[in-house]
Each structure stands twice: as C-alpha cells, then as structure tokens.
Amino acid sequence: MMKQQKIAHFLTHQVAEDIYDEENVLIWIDWREAEEDLIDYFNEQLPMSDRIDCEIIEIDKPRGVDITLSLKEKKLTIPFADDVTDRDSAIRAMQEMIAPHYQIRWFIESLGGDTLAFVLLPTAQWNELERQFGERKVHYYFHVITKDSTMFQMDFDEVSALIEARERELPNI
C-alpha cells in the first residue's frame, strides 16, 4: 500500500496505531535531533532529483553554525536565533525549500511527546486527500507547516490548550 493509501486508511478509521508502525509513512523527530539529521530524514523520502543539499558553516555566534539548504538555483540559510539552532526553524525552512511540489505536515496525534511525527507527500496527494476526506478533517490530523508553525518550542500550557481545543473540535470532524 502506498503512503497516500495508508493515510487514507487512517482518515477512514482514525486509529493512530494503523500508521504509527507503518514503514515510510511517518518521520519521527526527537526534540534533541540535530537539525542536519532531520533534513536527512525528509530527504530520504524525496526522489534524488528533489533532495535538498545541506551545508553546515561554522560561524562566530553563540549557536556556532549556520545551516544553508540548496536545490538547483534555490538557496536558503535557516533563520535561527543568534544563540541556538532549533528543529522548528529547520522544518519550516525545509518546507519552504520543497514547496510548492511537496508538503511536510505535522501528524498532530503525536502532540504531547518529545518526539513528533511528520508526513511528507507531494502536494497533489495532499490535495487529493483533502478532496476525498475534506480539508477540515485532513488538517485536523495533519497540520500544514507554515512560516509561523511552532511544534517543538511549545510550552506545557500551549500543548495543553491545543489538546483541549482538539478534543472540543473532534465531534465536528
């Protein structure tokens, strides 16, 4: 079964365990992962021609490095804070690099842990899932990564509030 079909099966039956253990569906990222490693995890699911080059450059700032992503003529230095690198910025930058042909989405059922799950699909496949199941349902389970997305840097109160909001919304899905 293809990745899109496995996600469609999940959206039909809404049993998270159905895709938790499926190979090549979810990309699991721990909050301690090195940013260049998560770039590799996403690259593993892209065709060779669409893989992002990742260059690490030592710099004289407290964070110690810049990470530059490139694909063909497109180049982007991940906009980290001066003092630290972070997974949220790296994931948002990766999304920016692969758009509009692909989308990374956060499998929100992984919320609450220190390891979060993501899915990378061609945009056309996400569009088909939204047509088949409705945009609201797909977005409820698979959050679109935007330039403002916060995933790993949420504090306890933000996580709790999001979990509660999702519980209130679930009957309408």
Side-chain angles (χ1 to χ4, degrees), residues 3 7 16 19-21 23-123 126 138-169:
K3 189 186 319 185
I7 292 170
I19 62 172
Y20 273 171
D21 298 325
E23 282 190 40
N24 300 320
V25 175
L26 299 176
I27 300 167
W28 290 95
I29 299 175
D30 186 85
W31 71 275
R32 296 169 300 207
E33 297 282 351
E35 286 69 26
E36 62 271 17
D37 290 340
L38 69 90
I39 300 301
D40 288 341
Y41 301 155
F42 290 119
N43 269 336
E44 289 170 5
Q45 294 201 1
L46 289 168
M48 291 298 287
S49 61
D50 293 332
R51 291 189 177 177
I52 305 301
D53 291 324
C54 178
E55 181 182 8
I56 300 167
I57 304 159
E58 290 189 24
I59 60 169
D60 189 26
K61 288 188 178 178
R63 71 170 179 262
V65 297
D66 268 346
I67 299 177
T68 301
L69 306 177
S70 59
L71 175 65
K72 300 171 182 126
E73 289 81 39
K74 195 174 186 179
K75 193 170 190 171
L76 171 69
T77 298
I78 300 175
F80 296 122
D82 284 344
D83 59 338
V84 66
T85 61
D86 67 277
R87 274 117 325 270
D88 288 354
S89 296
I91 293 168
R92 289 189 303 257
M94 186 69 180
Q95 173 58 51
E96 186 175 336
M97 288 297 296
I98 63 175
H101 304 293
Y102 300 92
Q103 290 181 7
I104 298 167
R105 300 221 182 164
W106 176 18
F107 181 54
I108 200 70
E109 294 295 293
S110 63
L111 176 68
D114 59 1
T115 302
L116 301 178
F118 298 86
V119 178
L120 188 152
L121 284 176
T123 301
W126 283 118
V138 174
H139 287 206
Y140 178 82
Y141 291 105
F142 299 95
H143 280 226
V144 175
I145 303 299
T146 68
K147 65 180 180 64
D148 300 316
S149 293
T150 302
M151 299 146 290
F152 287 96
Q153 294 180 317
M154 295 174 75
D155 65 29
F156 180 78
D157 290 338
E158 291 172 309
V159 170
S160 296
L162 184 53
I163 289 171
E164 288 173 14
R166 286 176 42 75
E167 287 171 356
R168 286 190 304 274
E169 186 178 358

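In this text, all values refer to a predicted model and were calculated from it rather than measured experimentally. For the numbers below, each heavy atom of this structure counts, side chains included, while hydrogens, waters and symmetry mates do not.
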message: Which heavy atom of M154 sits nearest to which heavy atom of L162, and what is that distance?
response: CE-CD2, 3.8 Å
- line: Separation between CD1 (I67) and CD1 (I59), nearest 0.5 Å, reads 10.0 Å
- request: Apply side chain to side chain contact (heavy atoms under 4.5 Å, CB included) to F152 and D86, showing your working.
  value: CA-CA 8 Å; F152 287 96; D86 67 277; over 6 Å; no
message: Whether the side chain of Y141 engages the backbone of E109 through a donor-acceptor N/O pair (distance < 3.5 Å, no angle test) should be reported.
response: no
field: Under 3.5 Å side-chain donor-acceptor pair for Y41 and E33
entry: yes
message: When you measure from the side chain of E158 to the backbone of D155, do you find a donor-acceptor pair of N or O atoms at a distance under 3.5 Å?
response: yes
query: Checking side-chain contact (heavy atoms from CB on, under 4.5 Å) against M94, which of L38, N43, I78, I145 comes through?
result: N43
- prompt: Which pair of heavy atoms, one from E36 and one from C54, lies closest together, and at what distance?
  reply: CB-SG, 3.9 Å
- prompt: Step by step, would you call K147 with E96 a side chain to side chain contact (heavy atoms under 4.5 Å, CB included)?
  reply: CA-CA 8 Å; K147 65 180 180 64; E96 186 175 336; over 6 Å; no
message: Is any side-chain heavy atom of H139 closer than 4.5 Å to one of R105?
response: yes
message: Evaluate H101 against T123 for side chain to side chain contact (heavy atoms under 4.5 Å, CB included), listing each step before the verdict.
response: CA-CA 6 Å; H101 304 293; T123 301; 5.5 Å; no
task: For residues I104 and L120, determine if any side-chain heavy atom of one lies less than 4.5 Å from a side-chain heavy atom of the other.
output: yes
query: Do D50 and I98 pass the side chain to side chain contact (heavy atoms under 4.5 Å, CB included) test, and can you show the C-alpha distance, the side-chain angles, and the key distance before you say yes or no?
result: CA-CA 8 Å; D50 293 332; I98 63 175; over 6 Å; no
query: Which heavy atom in F107 sits nearest to a heavy atom in A16, and how many Å separate them?
result: CZ-CB, 4.3 Å
Contact summary for V159 and G112, nearest pair of heavy atoms: CG1-CA, 4.0 Å
task: Could you tell me which residues satisfy salt bridge (charged side-chain N to carboxylate O under 4.0 Å, His left out) with D40, sequence neighbours excluded, listed by chain and number?
output: none
message: Could you check whether any side-chain heavy atom of I7 comes within less than 4.5 Å of a side-chain heavy atom of F142, counting everything from C-beta outward?
response: yes
message: Measuring from atom CG of L121 to atom CD of Q103, what distance do you get when rounded to the nearest 0.5 angstrom?
response: 8.5 Å
- prompt: If you look at every heavy atom in P79 and S89, which pair is closest and at what distance?
  reply: O-OG, 3.9 Å
- request: Identify the heavy atoms of K72 and S49 that sit nearest to each other, and give their distance.
  value: NZ-O, 3.5 Å
message: Does any part of the side chain of V119, heavy atoms only, come nearer than 4.5 Å to the side chain of I19, both counted from C-beta?
response: no
message: Main chain of M151, side chain of D88: is a donor-acceptor contact present, judged purely on distance under 3.5 Å?
response: yes
statement: Separation between CD1 (I91) and CD (E35), nearest 0.5 Å, reads 9.0 Å
query: Rounded to the nearest 0.5 Å, how far apart are CG of D66 and CD of E55?
result: 9.5 Å
- prompt: Looking at NE2 of H143 and CD1 of I108, how far apart are the two atoms once the value is rounded to the nearest 0.5 Å?
  reply: 4.0 Å
task: Examine Y20 together with W28 and report whether their ring centres are nearer than 6.0 Å.
output: yes
- prompt: For the atom pair OG1 (T150) and CH2 (W106), what is the distance rounded to the nearest 0.5 Å?
  reply: 8.5 Å
field: NZ (K74) with more than 12 external heavy atoms under 6.0 Å
entry: yes
